[in-house]
Each structure stands twice: as C-alpha cells, then as structure tokens.
Asks: 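Attaching a single structure in structure tokens format; questions to follow.
To find a chain, count down the sequence lines: A is the first, B the second, and so on, and within it residues start at 1.
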Protein chains: 2
Amino acid sequence: MKLTTKGRYAVTAMLDLSLHYGEGPITLADIAQRQGISLSYLEQLFSRLRKKSLVASVRGPGGGYSLGKSAEEIFVGEVISAVDENIDTTRCNGAHNCQNNERCLTHDLWSDLSNQIYSYLNKISLQDLMDRKAVREVADRQDHADHDELSGLDISMADGSNDLAGT
Amino acid sequence: MKLTTKGRYAVTAMLDLSLHYGEGPITLADIAQRQGISLSYLEQLFSRLRKKSLVASVRGPGGGYSLGKSAEEIFVGEVISAVDENIDTTRCNGAHNCQNNERCLTHDLWSDLSNQIYSYLNKISLQDLMDRKAVREVADRQDHADHDELSGLDISMADGSNDLAGT
DNA sequence: TACATTCCCAAGCAAAATAGTCAAGATTAT
DNA sequence: ATAATCTTGACTATTTTGCTTGGGAATGTA
C-alpha cells in the first residue's frame, strides 16, 4: 500500500459520496465542485473504484454514482488500495529474492509494516469518518457554500498537505 | 512521512551498520557491496542521516561511518523521515486551508493516520530488528558470501518489493 | 611530503509515477 | 432527438526516484 494524494483524493471523494447518500445518484461533477478535484481525474479514480465494486454507477440524465455497499462496510484501506494498484515490480513483492536472488535484510520488516498499516486503515470505515464532528462541520460548510464564488477564483497556493508527514 | 524504497534503502543501510558495529568505522563501499545499493546513492542518503545525527563519520583511510547513538535509541521512523524530507507543498501541511482556504473533508483523517504510522515506526529500534532471527540469518549469509561472485553477475530482474503493498 | 583512502557535495539525467487534460464514445431519461 | 451522464483511452506536464559523474576536502600511512 502506498500513501499518496491519489489515495487521499479517492477517500475524500468516497466520503463525499457517503455524506450525500440518500439523495439518489451523485454526479462526479458535484463531487468535483465540492471537493475541488478535477473532474477527469475523478473519472479515472472512479473507474477503478467501480472495478472493485466500491461504487455503483447509473448512466444517463439523473445518473451518477452511489456506494457499492453501505458506509459501514467500506474501509479506508480498500479505497486506497483500489486506486493505487501498487504494481511495484522493482523489488521482491513477497518473493524472497530481493537481493541476489535471496532475501534482503529488511524483508520481513516491510511485510510487517505493510500489514500493520493495512490493518489500521481497514478498521476505519466511511461511516466512522462520517460520525466525526469535524467532518460533519466541513461537509455542512461545503453544502451551503455559495457555488457562484467558485467561478471567479482560483484556489490559493498557500496550502500543502498534512499527508503522512513528518520532518 | 512517505514510505518508498528510498526509506527502505536507508533503513537497510542503517541496519547493516548496526550489525557491524564494534568493528570500527564501516565504509559505505562495504555497505554498498553487502546490500547491493549504489555507492553514490548511499552517499546521498548518509549525508542526510548525518545531518540528523543518526550516524557519525570519520574521514581518511580506515574511516567510515558509525551509529550516532546506540541501536536501542535509533528508530525506524527517524531513519525514514531523515531521508524523505517530505517537503510536500502541494497541500495543507498542518495549516487548515487545504481547500479554498478552509479545511478539507479528510484533513483530520490524514493527521491521525500520519501520527499512527509514525508512532508505530518509532517503536521499532534498530536493536529490535537485529534481535530478529530472520535478520541475523540474512546478515550471516551476507557476511560469509564469496565476494568474488559479485564481480561477474548482475542482479536478476525477477524481483519486486514487498513495500507497503496491498492490491 | 606524497598519496591512497575515505567522506563530502553539487549538478545532471533517465525512468517512473503522479496529476491532470482532451477527445470520443455509450447509455438513458426526458 | 437531445442532453446529461458515465466510460474509455490516449496524451501531456511535472515531480520524484534512483543513480551517475565529477569534482573536492580531510586524514592516516609511508
């Protein structure tokens, strides 16, 4: 599992979808506008999410996306690994031949770590996220935003993500 | 914190250094040969490790690197964040202005996740890794390898890493 | 002093991944 | 018929990664 903005976008979009569940199918255009993600990029992400049955789609006018299962059953880890595909063929991938056809020194460390993070992320469901107060507050703001304001401005540059971020 | 092969290289090299601690300063050339990492790349990584005082260096003949603190006091998380520098200026970095100058929907999720992974990795010391049976076995093999064998061959392509890896 | 050995540092570079655009189509409600 | 919406694939720009090159600076040994 990798942890990049790609996975973040996917989780953000899925959470948006969850929050508006019950309003019928949600269009990607809506999500793009509310979450500030490019529509075409969302299309790519949702293509992968659909292949993993995390979302279901309805075409045509009034169509859009809905969750493939209930929000309690969709976990953050699933969403991230759905979009990240992680075909890292540069190292051992479970085979024990990382170095000179034998196992590298830290082989097991990375396996363990991978499992740990994966299991952590797979305990957090979309429903859990929706239950968070801070999430609901932001969602409310987004829903009641004057959408016209978006046409004129472009997003400030002075941002940066609190991604898995240390230094 | 990012989790890439860069951090893996750094941890592998630091672990090699720990395992040969007590033999006096270890040269990067030795580590490069044992672990199959390019010497120049190691130099770059160790430059950063040195700036964070994770290693100490001695120049000149007979010189090399040694641990900056004892193996019990150096944690995997430190090593990874030392080399990854993580100047991700594309999103919010702790400021709460990820989207349109306000907080994005999953802001807290990524903060929490970051902290979780960071604290997991910061519980694992180099000493812990050295105590693992599998690590000692691989280290023994590497130490007793016929080094001449390396001159002729090039590493097989059929590898791939078990990095944080899901799919 | 010469010199080999080692660390140190900066520039540059190819390949891959990321983030995104663009264009064409398929499906379906109205 | 038409417009809204998903679906797909190709293409592009930028960044990161992993690595090379080429020079240094320090220092033990002869």
Asks: Checking all strands, does B:I26 fall into the base, sugar-phosphate, or nothing category for heavy-atom contacts under 4.0 angstrom?
Replies: sugar-phosphate

Asks: Tell me the interatomic distance from B:Q35, atom CD, to D:dC19, atom P, rounded to whole angstroms.
Replies: 14 Å

Asks: Could you check whether A:F46 gets within reach of a base, just the sugar-phosphate, or nothing at all, counting any heavy atom under 4.0 Å?
Replies: nothing

Asks: Give the rounded distance in Å between these two atoms: CG of A:L42 and P of D:dT5.
Replies: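 Interatomic distance, CG of A:L42 to P of D:dT5: 15 Å.
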
Asks: I need the single residue from B:V79, B:L121, B:I124 that forms a side chain to side chain contact (heavy atoms under 4.5 Å, CB included) with B:V11. Which is it?
Replies: B:V79

Asks: Starting at CG of A:L28 and ending at C1' of D:dA4, how long is that distance when rounded to a whole Å?
Replies: 13 Å

Asks: Both atom distances under 3.5 Å, Watson-Crick or G-U wobble: I'd like the secondary structure of DNA chain D as a dot-bracket string, with | for pairs made across strands.
Replies: ||||||||||||||||||||||||||||||

Asks: Could you tell me whether a side-chain N or O of B:S47 sits under 3.5 Å from a main-chain N or O of B:E43, the two making a donor and an acceptor?
Replies: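 Judged by distance alone, no pair lies under 3.5 Å.
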
Asks: Would you check if the side chain of B:D131 reaches a backbone N or O of B:D128 as a donor-acceptor pair within less than 3.5 Å?
Replies: no

Asks: Check A:V83 against A:L49 and note the closest heavy-atom contact, atom names and distance.
Replies: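 What the structure gives for the nearest pair is CG1-CD2, 4.0 Å.
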
Asks: What nucleotide among C:dC9, D:dC6, D:dT17 has an atom nearest to a side-chain atom of A:T27?
Replies: D:dC6

Asks: Quick one: B:R48 CZ to C:dC7 C1', roughly how many Å, whole number?
Replies: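 In whole Å, C:dC7 C1' lies 17 Å from B:R48 CZ.
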
Asks: Tell me the interatomic distance from B:I37, atom CD1, to D:dT20, atom C1', rounded to whole angstroms.
Replies: 16 Å

Asks: Would you kindly say whether A:N122 and A:S119 are connected by a side-chain donor-acceptor distance under 3.5 Å?
Replies: no

Asks: With respect to the phosphate group of D:dT8, does any side-chain polar atom (N or O) of A:R50 fall under 4.0 Å of OP1 or OP2?
Replies: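 Yes, because at least one side-chain N or O of A:R50 sits under 4.0 Å from OP1 or OP2 of D:dT8.
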
Asks: Tabulated below should be each protein N or O lying under 3.5 Å from an N or O of nucleotides 26-30 of chain D; please produce it.
Replies:
residue	atom	partner	partner atom	Å
D:dA26	O4'	B:R59	NH1	2.5

Asks: Give a yes/no on whether any side-chain N or O of A:S57 is located under 4.0 angstrom from OP1 or OP2 of D:dT7.
Replies: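 Yes, because at least one side-chain N or O of A:S57 sits under 4.0 Å from OP1 or OP2 of D:dT7.
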
Asks: Using a 4.5 Å cut-off on heavy atoms from C-beta on, say whether the side chain of A:L17 contacts that of A:F46.
Replies: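 Result yes, sub-4.5 Å side-chain heavy-atom pair found.
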
Asks: Not counting sequence neighbours, list each pair that qualifies as a side-chain hydrogen bond (donor to acceptor under 3.5 Å, both in side chains) and has a residue in residues 66-75 of chain A.
Replies: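 Output for this query lists A:K69-A:E78, A:S70-A:E72, A:S70-A:E73.
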
Asks: For A:R59, check salt bridge (Lys or Arg N to Asp or Glu O under 4.0 Å) against everything at least two apart and list the hits.
Replies: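 Salt bridge (Lys or Arg N to Asp or Glu O under 4.0 Å) list for A:R59, sorted by chain: empty.
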
Asks: For the residue pair B:I80 and B:R8, establish whether any side-chain heavy-atom pair is separated by less than 4.5 Å.
Replies: no

Asks: Rounding to an integer number of Å, can you tell me how far A:D30 CG sits from D:dT5 P?
Replies: 8 Å

Asks: Would you confirm whether A:D16, through its side chain, and A:A13, through its main-chain N or O, come within 3.5 Å as a donor-acceptor pair?
Replies: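 Not confirmed, A:D16 side chain does not pair with A:A13 backbone.
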
Asks: Rounded to whole angstroms, how far apart are CG on A:L45 and P on D:dT7?
Replies: 14 Å

Asks: With the criterion being N/O to N/O and under 3.5 Å, what pairs connect the protein with nucleotides 21-23 of chain C, and how long is each?
Replies:
residue	atom	partner	partner atom	Å
C:dT21	OP2	A:S38	OG	2.8
C:dT21	O4	A:Q44	NE2	2.9

Asks: Mind checking ring pair (Phe, Tyr, Trp, His ring centres under 6.0 Å) for A:Y41 and listing every partner two or more places apart, or none if nothing turns up?
Replies: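 Applying ring pair (Phe, Tyr, Trp, His ring centres under 6.0 Å) to A:Y41 gives A:Y9.
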
Asks: Within the 4.5 Å heavy-atom criterion, are A:Y65 and A:V55 side-chain neighbours or not?
Replies: yes

